[in-house]
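Accompanying notes for the structure given below.
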Amino acid sequence: MRSAPARGPVAVVLAHQGRSDLCEELPYTKTLIGAGLRVLAFDFRGNGQSAYPSENALAYRRDFAAAIKHLKGEGRRGCF
């Protein structure tokens with residue numbers, strides 16, 4: 001998981017497509033941070049730097065929910 005700080009209360013989760021990794025989304029971070037948004041990019045399980053789990057290999061919804069929970073734990077009011 002890679003995150004970039006911003007002071008605003010709103011955050012954006014960048015989730016890659018298919019068999020890719022978070023590097024696919026990094027070009028967008030500069031613009032989003034410049035707009036005052038907190039940015040979090042992560043690799044879904046079994047992609048990029050994330051390990052391939054022995055169970056629930058296709059539980060991508062859980063990965064995305066964990067990213068949002070992380071941001072809300074930082075006090076972000078809105079996550080997109």
Side-chain angles (χ1 to χ4, degrees):
M1 183 178 342
R2 301 279 190 261
S3 60
R7 296 180 187 209
V10 178
V12 175
V13 176
L14 296 178
H16 61 81
Q17 299 178 23
R19 301 288 305 161
S20 185
D21 62 30
L22 65 84
C23 293
E24 176 180 279
E25 305 304 325
L26 294 179
Y28 303 106
T29 60
K30 187 175 182 179
T31 301
L32 294 168
I33 292 168
L37 300 169
R38 170 79 156 84
V39 178
L40 185 142
F42 69 96
D43 288 326
F44 283 107
R45 60 187 69 209
N47 292 274
Q49 297 296 313
S50 289
Y52 192 85
S54 59
E55 296 181 5
N56 299 315
L58 298 176
Y60 298 130
R61 192 178 322 179
R62 291 183 191 169
D63 297 344
F64 195 76
I68 292 172
K69 183 177 179 180
H70 174 81
L71 291 169
K72 287 187 175 181
E74 292 183 342
R76 305 300 168 169
R77 289 184 301 194
C79 296
F80 299 91

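Bear in mind the structure is a predicted one, so any value in this text is a computation, not a measurement.
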Legend entry - Partners passing side-chain contact (heavy atoms from CB on, under 4.5 Å) against Lys30 (at least two apart in sequence or in another chain): none
Inset, instruction - Hey, could you give me the CD1/CZ distance between Ile33 and Arg38, rounded to the nearest 0.5 Å? - result: 8.5 Å
Legend entry - Mutual orientation of the aromatic rings belonging to Phe64 and Phe42 [parallel < 30°, tilted 30-60°, perpendicular > 60°]: tilted
Inset, instruction - Identify the heavy atoms of Glu25 and Ala15 that sit nearest to each other, and give their distance. - result: OE2-O, 3.6 Å
Inset, instruction - Return the minimal non-hydrogen interatomic distance between Thr29 and Leu26, and the atom names on each side. - result: OG1-O, 2.8 Å
Legend entry - Side chain proximity check, Leu40 to Ile68, heavy atoms < 4.5 angstrom: no
Inset, instruction - Taking the side chain as every heavy atom from C-beta outward, state whether Tyr28 and Val12 have any pair of such atoms under 4.5 Å apart. - result: no
Inset, instruction - Please collect all salt bridge (charged side-chain N to carboxylate O under 4.0 Å, His left out) contacts where either partner lies in residues 62-72, sequence neighbours excluded, each pair once. - result: Arg45-Asp63
Legend entry - Contacts of type side chain to side chain donor-acceptor pair (under 3.5 Å), residue Glu24, not counting sequence neighbours: Ser20
